[in-house]
Amino acid sequence: MCIGVPGQIISIIRFEGIVETKGIQRKVNLALVPEAKVGDYVMVHAGTAIQIINNEEAQATLKLLEELVGDEE
């Protein structure tokens with residue numbers, strides 16, 4: 001099963017960016033979304049941004065992922 005996780009781009013250097021999801025930042029390859037800019041939400045799969053998505057779609061997907069994982073507290 002493949003899962004994409006939305007994240008917001010914090011910074012970009014060439015084709016690599018820092019993306020934040022729920023307070024966690026990680027490096028992401030942006031080569032497949034060269035038009036992406038800081039502040040955009042992208043869908044990330046296996047360390048690669050595969051699509052630019054809008055804020056509403058990102059929040060809905062994050063909420064769905066939280067529901068699937070459940071409350072771990």
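Computed from a predicted model, the values in this text were never measured in an experiment.
Within the 3.5 Å criterion, the main-chain N or O of Asn29 finds no donor-acceptor partner in the side chain of Glu16.
The number of heavy atoms from other shown groups lying within 6.0 Å of CD1 (Ile13) does not exceed 12.
The two residues Ala49 and Val28 come nearest to each other via the heavy atoms N-CG1, 3.4 Å. When all heavy atoms of His45 and Ile50 are compared, the pair lying nearest together is CB-CD1, 4.1 Å. What you find for Pro6 and Leu65 is that their closest heavy atoms are CD-CD1, 4.2 Å. A pairwise comparison of heavy atoms in Asn54 and Glu57 identifies OD1-N, 2.7 Å as the closest pair. Between Ile9 and Val42, the shortest heavy-atom contact is CD1-CG1, 3.9 Å.
Leu32 and Ile53 fall within the same hydrophobic cluster, defined by Ile, Leu, Val, Met, Phe, Trp and Tyr side-chain heavy atoms under 4.5 Å apart, directly or through other members. Linking Ile, Leu, Val, Met, Phe, Trp and Tyr residues whenever their side-chain heavy atoms come within less than 4.5 Å leaves Met43 and Ile3 in two separate clusters.
Note: Tyr41 OH to Leu62 CG = 7.5 Å, rounded to the nearest 0.5 Å. The OG1 atom of Thr21 sits 9.0 Å away from atom CD1 of Ile10, with the distance rounded to the nearest 0.5 Å. Atoms CD1 and CG, from Ile52 and Leu30 in turn, are 9.0 Å apart once rounded to the nearest 0.5 Å. To the nearest 0.5 Å, atom CG of residue Asp40 and atom CG of residue Asn55 are 10.5 Å apart.
Residues Ile18 and Lys27 meet the side-chain proximity criterion, which asks for heavy atoms closer than 4.5 Å.
Side-chain contact, Glu20 with Gln25: a donor N or O sits under 3.5 Å from an acceptor N or O.
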side-chain contact (heavy atoms from CB on, under 4.5 Å) for Val5 and Arg26? Distances and angles first, verdict last.
CA-CA 12 Å; Val5 177; Arg26 62 182 171 163; 4.2 Å; yes
